[in-house]
Student: 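My structure is below; once you've seen it, I'll send some questions.
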Amino acid sequence: MLKIGIITGSTRPNRKSLKIAEELKKWADKREDALYEVVDIADYNLPMYNEPVAALYSQDYQTPEAIPWAEKINSLDGFIFVVPEYNHGLPSALKNAIDYLCHEYRDKVAGSVTYGSQGGIRAGEVLRLVLGGLHVAVISTGLSLSIPTDFDSEDNFLPKEVHETIFNKLVDRLLAWGEPLKVLRDNGPTHK
C-alpha cells in the first residue's frame, strides 16, 4: 500500500492546518486503500535553512533536525499539503521545510488542500511551482476551504459534505499517479 503524508503547512499558534489535517485523515482512513498519516512540520523544529551544501547536491545533512525530516519524507510515497495562504503565497515554515530536501521528494505525487479568506488558491499555485522544481507530480484536483464559511467564530473546522466528496476525488487522482511513480522509483533508473 502507498504511504501518504498529510502535511501541515503552518507552525504558528492557533493555526488551522493541524485541525484540517486531522479531519482529512479521518476521511482518508475510511477509504482503506492506502496508509495515511498526519505529518506536522511543527514537530520537526526545523531552523531556518542553513545547510552548507544545497540538498540538490548532498543528502549529508548537517542540521540535526533535517535528518528525521528527511527520513519521514523519504518514507512516504505521496503528499497532501494543507496550505494556508499568507500574503498570496506559502507560509515561510512550509517553504523552509520543503527547501531542506530535494531527492526525498523526487518522483512522488502531491495534492493540496488550501485555505484562506479567499480559499488559498494562490498558495496552491505557488506550491505547484515549488514542487514541480523538485520533480513532484502535482495533481490538478484540489480542495479549497474558506475561513469565513468553513470555520466558526471559535475556529472550529465545520466542513461541508461536498468537501469530503472533493477530497475523495483528490485522493483518487493522488493514488492513480502514486502507484506508477512508486514502480518508477523502485525499478526505474536513478535520477540523482
Side-chain angles (χ1 to χ4, degrees), residues 1-12 15 17-18 21 24-25 34-114 120 122-140 142 173-192:
M1 290 182 100
L2 294 178
K3 296 177 187 170
I4 307 299
I6 303 170
I7 301 177
T8 62
S10 176
T11 59
R12 71 183 187 84
R15 62 200 164 123
S17 62
L18 184 57
L24 297 177
K25 183 176 183 322
L35 301 173
Y36 301 94
E37 70 175 286
V38 173
V39 179
D40 187 357
I41 60 173
D43 291 342
Y44 291 86
N45 298 309
L46 291 164
M48 286 304 293
Y49 183 72
N50 60 359
E51 287 290 318
V53 179
L56 176 62
Y57 303 111
S58 174
Q59 289 176 280
D60 181 24
Y61 303 112
Q62 301 302 303
T63 306
E65 296 87 350
I67 297 166
W69 176 241
E71 290 169 352
K72 176 50 64 184
I73 295 301
N74 198 49
S75 75
L76 299 169
D77 298 303
F79 319 101
I80 300 168
F81 289 91
V82 182
V83 187
E85 184 174 307
Y86 288 5
N87 301 319
H88 295 193
L90 297 177
S92 58
L94 178 57
K95 181 65 167 73
N96 185 56
I98 292 170
D99 286 346
Y100 261 95
L101 310 176
C102 180
H103 300 284
E104 293 82 357
Y105 292 108
R106 187 180 292 272
D107 296 328
K108 295 183 180 180
V109 63
S112 64
V113 174
T114 61
R122 291 171 289 222
E125 290 305 310
V126 172
L127 180 66
R128 175 184 300 280
L129 290 171
V130 170
L131 293 177
L134 296 170
H135 301 278
V136 174
V138 183
I139 61 170
S140 60
R173 297 297 303 148
L174 193 82
L175 299 182
W177 279 84
E179 289 290 345
L181 286 170
K182 182 170 177 42
V183 171
L184 173 69
R185 287 191 316 279
D186 291 347
N187 302 318
T190 182
H191 301 287
K192 291 184 180 181

Student: What pairs with D186 under salt bridge (Lys or Arg N to Asp or Glu O under 4.0 Å), at least two apart in sequence or on another chain?
Tutor: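 Listed in chain order: K182.
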Student: To the closest 0.5 Å, what do you measure between CD1 (I4) and CG (L35)?
Tutor: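 It is 9.0 Å, given to the nearest 0.5 Å.
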Student: Check whether any side-chain heavy atom of D77 sits under 4.5 Å from a side-chain heavy atom of L181, and report yes or no.
Tutor: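 SC-SC contact between D77 and L181 ruled out.
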Student: Considering non-hydrogen atoms only, spot the tightest contact between P47 and T63 and give its length.
Tutor: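 Residues P47 and T63, closest heavy atoms: CG-CG2, 3.7 Å.
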Student: Residues two or more places apart in sequence or in another chain: which of them pass ring-ring contact (aromatic ring centres under 6.0 Å, His included) with F81?
Tutor: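 F81 satisfies ring-ring contact (aromatic ring centres under 6.0 Å, His included) with F79 once adjacent residues are dropped.
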Student: Could you tell me whether the side chain of T8 and the main chain of I41 form a donor-acceptor pair under 3.5 Å?
Tutor: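 Yes; judged by distance alone, with no hydrogens or angles, the pair exists.
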Student: Working to the nearest 0.5 angstrom, can you tell me the gap between L184 CG and D107 CG?
Tutor: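 One finds 4.5 Å between CG of L184 and CG of D107.
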Student: Rounded at 0.5 Å granularity, tell me how far CZ in R122 sits from CG in N87.
Tutor: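 Result: 10.0 Å between the selected atoms.
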Student: Who passes side chain to side chain donor-acceptor pair (under 3.5 Å) against K3, sequence neighbours left out?
Tutor: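 In terms of side chain to side chain donor-acceptor pair (under 3.5 Å), with neighbours along the sequence ignored, K3 is linked to no residue.
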Student: Hey, could you give me the NZ/CG distance between K108 and L134, rounded to the nearest 0.5 Å?
Tutor: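 Going from NZ on K108 over to CG on L134, the span is 11.5 Å.
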Student: Could you tell me if the side chain of V83 sits less than 4.5 Å from the side chain of P91, heavy atoms only?
Tutor: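 Of all side-chain heavy-atom pairs linking V83 with P91, at least one is under 4.5 Å.
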Student: A110 and L131: which non-hydrogen atoms are nearest, and at how many Å?
Tutor: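 Taking A110 first and L131 second, the nearest heavy atoms are CB-CD1, 3.8 Å.
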Student: For D99, which residues count as a salt bridge (Lys or Arg N to Asp or Glu O under 4.0 Å) partner, sequence neighbours excluded?
Tutor: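 Applying salt bridge (Lys or Arg N to Asp or Glu O under 4.0 Å) to D99 gives K95.
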Student: Among residues at least two apart in sequence or on other chains, which ones pass side chain to side chain donor-acceptor pair (under 3.5 Å) with R15?
Tutor: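 For R15, the residues satisfying side chain to side chain donor-acceptor pair (under 3.5 Å) (neighbours in sequence not counted) are D40.
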Student: Roughly how far apart are I7 CD1 and L94 CG, rounded to 0.5 Å?
Tutor: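 CG of L94 is found 8.0 Å from CD1 of I7.
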Student: Under the side-chain contact (heavy atoms from CB on, under 4.5 Å) rule, collect the residues that match up with R173, sequence neighbours excluded.
Tutor: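 I139, T141, A176, W177.
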Student: Any ring-ring contact (aromatic ring centres under 6.0 Å, His included) pairs touching residues 39-69, not counting sequence neighbours?
Tutor: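 The answer is Y44-W69, Y49-Y100.
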Student: Do you know the tightest heavy-atom contact between T11 and A93?
Tutor: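 Nearest heavy atoms, T11 then A93: OG1-CB, 3.6 Å.
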Student: How far apart are the closest heavy atoms of E51 and A66, and which atoms are they?
Tutor: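 Smallest heavy-atom distance, with atoms named: OE2-CB, 4.1 Å.
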Student: Name all residues meeting the side chain to side chain donor-acceptor pair (under 3.5 Å) criterion together with Y86; count only those two or more places apart in sequence or in a different chain, and write none if there are none.
Tutor: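 Once residues adjacent in sequence are excluded, the partners of Y86 under the side chain to side chain donor-acceptor pair (under 3.5 Å) criterion are S10, R12.
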Student: Report the residues that fulfil salt bridge (Lys or Arg N to Asp or Glu O under 4.0 Å) with E37, sequence neighbours left out, ordered by chain and then residue number.
Tutor: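 Partners of E37 by the salt bridge (Lys or Arg N to Asp or Glu O under 4.0 Å) criterion, ordered by chain and then number, come out as K72.
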Student: Search all heavy atoms of A123 against all heavy atoms of E85 and return the closest pair with its distance.
Tutor: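 Residues A123 and E85, closest heavy atoms: N-OE1, 3.5 Å.
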Student: So which heavy atom on L175 is nearest to which on A34, and how close?
Tutor: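 Closest approach of L175 to A34, heavy atoms only: CD2-CB, 4.0 Å.
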Student: Does R128 have any salt bridge (Lys or Arg N to Asp or Glu O under 4.0 Å) partners at least two apart in sequence or in another chain, and if so, which?
Tutor: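 Result, salt bridge (Lys or Arg N to Asp or Glu O under 4.0 Å) vs R128: E125.
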Student: Once you round to the nearest 0.5 Å, how far does CD1 of I98 lie from CG of L127?
Tutor: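 The CD1 atom of I98 sits 5.0 Å away from the CG atom of L127.
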Student: Can you name the side chain to side chain donor-acceptor pair (under 3.5 Å) partners of E65, sequence neighbours left out?
Tutor: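 Testing E65 for side chain to side chain donor-acceptor pair (under 3.5 Å), a comparison that skips the adjacent residues, returns none.
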Student: Mind checking whether V113 and I80 have side chains closer than 4.5 Å, heavy atoms only?
Tutor: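 Side-chain contact under 4.5 Å: yes.
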Student: For D60, give me all partners under side-chain contact (heavy atoms from CB on, under 4.5 Å), at least two apart in sequence or on another chain.
Tutor: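 Listed in chain order: S58, Q62.
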